Amino acid sequence: DKGTYPFYMLKEIDEQPNVMRKLSQVYLNDAGDPIINDDLLTALKAADRLYIVAAGTSYHAGLVGAKLFESLANVPTEVHVSSEFAYNQPLLSSHPFFIFLTQSGETADSREVLLNVNDQHFPSLTITNVPNSTLSREATYTLLLHAGPEIAVASTKAYTAQIALQAILAKALGVAVDQPAATAFDVKQQLALVANGMQSLVDEKATFEKIAKGALLNTPNAFYIGRGFDYAVSLETALKLKEISYVQAEGFASGELKHGTIALIEKDTPVIGIITQKNTAGLTRSNLQEVAARGAKTVTIVTDSLAKDGDTVILPTVDERLTALLSVVPGQLLAYYTSLNKGLDVDKPRNLAKSVTVE
Ligand code: F6R
């Protein structure tokens, strides 16, 4: 039931702080140590490479997850779109472990890969929001997202839940293989900071509605740019805008703009820059100046500790590996308010279904 909310999507965006707290309760003990099944950890430790397979928004959560597994557990990790992997399987390492990210647990493209993986007798984990779903039943292991039912077609809380749970799993694996980065990473404290930060963002709805009206409501196209974790979030925020507001939007690696896309920049083209990573903040700022000089309307979403005068949206500072959990929220709200102010059916965009059970 959506209660007093006009659309499920807004309710689900608002639920994200509590989803973070719930995952912390379920998967971390009082000391902050992960509670992960021993057999699953043993299977992960035995892998020489992780393969994350998913579609759409879940694929975007996988792009963030791969960076978490590599930085915390020091294990090479690849991310693949399931519909591609299914019929064009790349060469695999000698001991692969597969992680399927799927909110519904029913996505046909991802299931096709799991069936192939099972035929090859490789171990697998499904991370899903739906207990007893098909991909949950058919994988070796399952971890549940505990995000509560996600009704809106555009996925929001499942994306942030998938990232938070991958962070917990990467911490668990990293500790199990004695990685100092994992031992030093206080995931419990960080998720608590994230939950509070999300709350402060969702409490600023009027601000995001104003930005959406000023920059996105009357544009045929829009660009999101960033580097590293911020690039991964750019892809997701562009997808949110496309699917519910029908604005043609693209997420770009900031450095790639000048290799072609900058030709599309005209007067008032919106370019939204996400800046949460210290090592690339200056580079993305220069890229934003380049497009501003060509007439773009720039919007910046920046971590507090990296912010400068004139930035549009300030995000509370958290561990640099978890900034996706905060930087995506303005993108979700900008998409929501663009769709709402166009008078569209936010929860049921045209041509889309919540669970895609055909290939
Ligand atoms: C986007 C969206 C889709 C799904 C994709 C995968 O907002 O909802 O891109 O993320 O269809 O679905 P699941 O995660 O159920 O496998």
Side-chain angles (χ1 to χ4, degrees), residues 7-13 15-16 19 51-65 79-86 98-115 117 124-139 142-166 224 232-247 249-251 324 328-329 331-336 338-339 344-359:
F7 288 102
Y8 279 105
M9 185 181 177
L10 194 61
K11 173 171 182 273
E12 291 163 5
I13 289 171
E15 285 169 348
Q16 293 176 109
V19 173
Y51 292 82
I52 299 176
V53 179
T57 286
S58 294
Y59 168 72
H60 295 155
L63 295 174
V64 175
V79 195
H80 292 270
V81 166
S82 43
S83 58
E84 280 299 301
F85 197 101
F98 285 84
I99 299 177
F100 292 89
L101 297 178
T102 169
Q103 188 285 132
S104 64
E106 302 297 341
T107 299
D109 292 314
S110 302
R111 181 172 186 237
E112 184 63 28
V113 179
L114 177 53
L115 294 177
V117 160
S124 58
L125 162 70
T126 291
I127 296 182
T128 181
N129 203 25
V130 182
N132 283 313
S133 52
T134 305
L135 273 98
S136 159
R137 282 185 273 108
E138 294 176 348
T142 296
L143 291 175
L144 294 176
L145 292 169
H146 296 286
E150 192 180 64
I151 312 288
V153 163
S155 180
T156 52
K157 62 180 178 173
Y159 170 83
T160 45
Q162 283 169 338
I163 292 172
L165 186 45
Q166 288 177 102
Y224 288 82
V233 175
S234 298
L235 294 173
E236 170 57 10
T237 48
L239 177 60
K240 287 288 89 86
L241 191 66
K242 284 189 253 209
E243 64 182 335
I244 61 170
S245 78
Y246 315 147
V247 173
E250 284 188 73
V328 75
V329 176
Q332 295 169 341
L333 287 166
L334 291 178
Y336 175 82
T338 306
S339 176
L344 299 172
D345 185 343
V346 178
D347 285 342
K348 293 198 185 64
R350 68 187 180 204
N351 311 339
L352 288 170
K354 182 65 185 163
S355 115
V356 185
T357 52
V358 292
E359 281 184 64

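Remember, it's 1-based here, ligands and their atoms both numbered in the order they're listed. Only a predicted model underlies this, so the values are computations on that prediction, with no experimental measurement involved. One is the number of the first residue; the rest follow in order along the sequence. Hydrogens, waters and symmetry mates play no part in the numbers below; they use all other heavy atoms, side chains included.
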Only one of Q16, E236, K240 clears side chain to side chain donor-acceptor pair (under 3.5 Å) with Q332; which?
->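 The option that passes is Q16.
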Please confirm whether S110 comes within less than 3.5 Å of ligand 1 when only nitrogen or oxygen atoms on both sides are compared.
->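 Not met; the criterion fails.
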Who's the nearest protein heavy-atom neighbour of atom 16 (O) of ligand 1, and how far?
->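 Going by distance alone, atom 16 (O) of ligand 1 is nearest to T107 OG1, 2.4 Å.
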If you have a sec, work out which protein heavy atom is nearest atom 4 (C) of ligand 1 and how many Å separate them, to one decimal?
->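 That would be T57 N, 4.0 Å.
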Short question: side chain of N129, backbone of G148 - any donor-acceptor pair under 3.5 Å?
->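 Yes; at least one donor-acceptor contact below 3.5 Å.
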Per-residue contact class, E243 against ligand 1 - non-hydrogen pairs under 4.0 Å |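 Under 4.0 Å from ligand 1, E243 contributes side-chain atoms alone.
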Find out whether I244 and L344 are in side-chain contact, i.e. whether some heavy atom of one side chain is under 4.5 Å from a heavy atom of the other.
->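 SC-SC contact between I244 and L344 ruled out.
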Flag side-chain contact, heavy atom, 4.5 Å: S82 against Y59 |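 No; the side chains remain at least 4.5 Å from each other.
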Would you call L135 and T128 a side-chain contact if the rule is heavy atoms closer than 4.5 Å?
->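 L135 does not reach T128 side chain to side chain.
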Give the residue and atom name of whichever protein heavy atom lies nearest to atom 6 (C) of ligand 1, and the separation in Å to one decimal.
->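 I find the closest protein heavy atom is A55 O, 3.4 Å.
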S104, any N or O under 3.5 Å of ligand 1 N or O =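 Yes; the residue has a nitrogen or oxygen that sits under 3.5 Å from a nitrogen or oxygen of the ligand.
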For V153 and ligand 1, does the shortest N/O to N/O distance drop below 3.5 Å?
->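 The answer is yes, given that V153 and ligand 1 share an N or O pair closer than 3.5 Å.
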Counting from 1, what ligand 1 atoms have a heavy atom of S155 closer than 4.0 Å?
->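 Within the 4.0 Å cut-off of S155, ligand 1 contributes 7 (O), 8 (O).
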What atoms of ligand 1 come closer than 4.0 angstrom to any heavy atom of S58?
->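 So the answer, numbered in order with elements, is 10 (O), 13 (P), 14 (O).
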So which heavy atom in the protein is nearest atom 11 (O) of ligand 1, and how far is it from that ligand atom?
->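 Ranking protein heavy atoms by distance from atom 11 (O) of ligand 1, first comes V356 CG2, 4.0 Å.
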Answer yes or no: does atom NZ of K348 have more than 12 heavy-atom neighbours from other residues, nucleotides or ligands under 6.0 Å?
->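 No, because the 6.0 Å sphere around NZ of K348 holds 12 heavy atoms or fewer from other groups.
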For A154, the ligand 1 atoms whose distance to one of its heavy atoms is below 4.0 Å |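 With A154 as reference, the close atoms of ligand 1 come out as 7 (O).
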Ligand-side contact atoms (ligand 1) for residue partner K240, heavy atom cut-off under 4.0 Å =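 Selected atoms, number and element: 1 (C), 7 (O).
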Report the residue from I163, T237, I13 that forms a side-chain contact (heavy atoms from CB on, under 4.5 Å) with V328.
->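 Only one of I163, T237, I13 forms a side-chain contact (heavy atoms from CB on, under 4.5 Å) with V328, namely T237.
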Do Q162 and ligand 1 have an N or O pair less than 3.5 Å apart?
->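 The answer is no, given that Q162 and ligand 1 share no N or O pair closer than 3.5 Å.
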Heavy-atom gap H60 to ligand 1 smaller than 4.0 Å =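 No; H60 lies far enough from ligand 1 that no heavy-atom distance drops under 4.0 Å.
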Min side-chain heavy-atom separation L235-L63 under 4.5 Å |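 With C-beta onward as the side chain, the pair touches.
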salt_bridge(E150, K157) N-O dist < 4.0 Å |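 Salt bridge: no.
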